[in-house]
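Okay, structure first, notes after.
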Amino acid sequence: MNAYREVSMSATTPNPKDFATHAISLTLNGQPRQLDVLPWTTLLDLLRDQLDLVGTKKGCDHGQCGACTVLRDGTRINACLTLAIMCDGAELTTIEGLANGEELHPMQQAFIKHDAFQCGYCTPGQICSAVGLVNEGRASTRAEIQELMSGNLCRCGAYSNILAAVEEALPQFHSAAPKPEVNS
Ligand code: FES
Ligand code: FES
């Protein structure tokens with residue numbers, strides 16, 4: 001059985017060296033980057049495995065948990081469902097890019113203030129998602145925040161504290177920078 005599996009895997013698993021990489025340019029956390037990526041590499045794997053930005057988490061790799069949420073041109077996306085090659089020309093922000101030096105982003109401060117995390121694994125995605133939610137400008141009530149944050153799962157059950165954190169941080173953004181266009 002094991003021998004069969006070994007033969008089968010070696011016959012079907014492609015060797016990355018046999019495939020051409022593609023050059024892409026993007027802005028990542030404010031820094032221009034030139035990168036060579038394989039056509040099947042997801043943005044999530046690019047961030048974690050190639051760029052060592054491990055704040056963005058992989059909870060499912062199937063678009064179901066939201067742990068991989070990052071911001072593309074201010075809009076939240078699932079990095080696990082985005083091929084790196086699709087990010088040519090994009091402006092990306094990950095959890096590592098939210099703070100201004102030593103000063104935490106207001107959404108990060110609100111999460112700490114309200115104990116909006118326990119294990120912390122869903123937290124980078126929750127915070128990026130919350131910032132994206134603010135950019136969308138669609139949430140103003142508790143119920144709307146709840147509904148529009150429902151793509152981010154938290155198995156520690158910190159939902160009520162996450163809600164309190166987002167609710168507190170929300171007004172601070174309404175006078176901030178212009179909102180990006182969000183297709184909806
Ligand atoms: S890892 Fe992307 S949605 Fe779960
Ligand atoms: S804080 Fe543990 S999964 Fe959300």
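Atoms considered below: every heavy atom in the structure, side chains included; atoms not considered: hydrogens, waters and symmetry mates.
In this structure, CG in L46 is found 11.0 Å from OG1 in T82, a value given to the nearest 0.5 Å. If you take CD on E103 and CG on N100, they are separated by 5.5 Å, rounding to the nearest 0.5 Å. The CZ atom of R155 sits 9.5 Å away from atom SG of C65, with the distance rounded to the nearest 0.5 Å. Considering CG of L98 and CE of M107, their distance stands at 9.5 Å, rounded to 0.5 Å.
Side-chain N/O atoms of T93 and N29 include no donor and acceptor closer than 3.5 Å. For the residue pair T27 and Q31, no side-chain donor N or O sits within less than 3.5 Å of a side-chain acceptor on the partner.
Looking only at side-chain heavy atoms (C-beta outward), C87 and L92 come within less than 4.5 Å of each other. Counting heavy atoms from C-beta on, the side chains of I24 and Q34 never come closer than 4.5 Å. Annotation: side chain of L35 is in contact with side chain of L51 (closest heavy-atom distance under 4.5 Å). L104 is not listed as a side-chain neighbour of F111, based on a closest heavy-atom distance of 4.5 Å or more. L71 is not listed as a side-chain neighbour of I77, based on a closest heavy-atom distance of 4.5 Å or more. Counting heavy atoms from C-beta outward, V37 and T21 have side chains that stay 4.5 Å or more apart. A 4.5 Å side-chain heavy-atom check between H22 and D36 finds every atom pair outside the cut-off. No side-chain heavy atom of I85 sits less than 4.5 Å from a side-chain heavy atom of W40.
Under a 3.5 Å cut-off, the side chain of N135 and the backbone N or O of T75 do not form any donor-acceptor pair. Judged by distance alone, with hydrogens and angles left aside, the side-chain atoms of N78 form no donor-acceptor pair with the main-chain N or O of T69 at under 3.5 Å. Using a distance-only test at 3.5 Å, with no hydrogens or angles considered, a donor-acceptor pair links the side chain of Y159 to the main chain of C154. R48 contributes a side-chain N or O that, together with a main-chain N or O of V54, makes up a donor-acceptor pair within less than 3.5 Å. Remark: the backbone N or O of C122 is not paired with any side-chain donor or acceptor of Q126 at under 3.5 angstrom.
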Apply side chain to side chain contact (heavy atoms under 4.5 Å, CB included) to residues I127 and Q108 and explain how you reach the verdict. CA-CA 7 Å; I127 291 176; Q108 292 174 306; 4.1 Å; yes
Trace of the side-chain hydrogen bond (donor to acceptor under 3.5 Å, both in side chains) decision for S150 with Q146: CA-CA 6 Å; S150 64; Q146 249 172 332; over 6 Å; no
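Summarising the local packing, CD of E147 is surrounded by 12 or fewer heavy atoms from other residues, nucleotides or ligands at distances under 6.0 Å.
Heavy atoms only, all atoms of each residue included: P124 and G120 are closest at CD-O, 3.3 Å. The minimum heavy-atom distance linking S129 with M149 is given by the pair OG-SD, 3.7 Å. Closest approach of A79 and V70 over heavy atoms only: CB-CG2, 4.2 Å. For the pair C80 and L44, the tightest heavy-atom approach, listed with the atom from each and the gap, is CB-CD2, 3.7 Å. Among all heavy-atom pairs drawn from H114 and A165, the shortest one is CD2-CA, 3.7 Å. The two atoms that bring I145 and A139 nearest to each other are CG1-CB, 4.0 Å, heavy atoms only.
Of the candidates L81, L47, T56, T56 is the only one forming a side-chain contact (heavy atoms from CB on, under 4.5 Å) with C68.
With sequence neighbours excluded, the residues that form a side-chain contact (heavy atoms from CB on, under 4.5 Å) with D45 are T41, T42, D49, K58. Scanning for side chain to side chain donor-acceptor pair (under 3.5 Å) contacts around R142 gives E167, with sequence neighbours left out.
Identified under the salt bridge (charged side-chain N to carboxylate O under 4.0 Å, His left out) test for residues 74-97, with sequence neighbours left out: R76-E136.
At a threshold of 4.0 Å, the pair E168-K113 counts as salt-bridged, since one of the basic side-chain nitrogens sits closer than that to a carboxylate oxygen.
Note on I162: it does not cluster hydrophobically with L153, by side-chain heavy-atom contacts below 4.5 Å among ILVMFWY residues.
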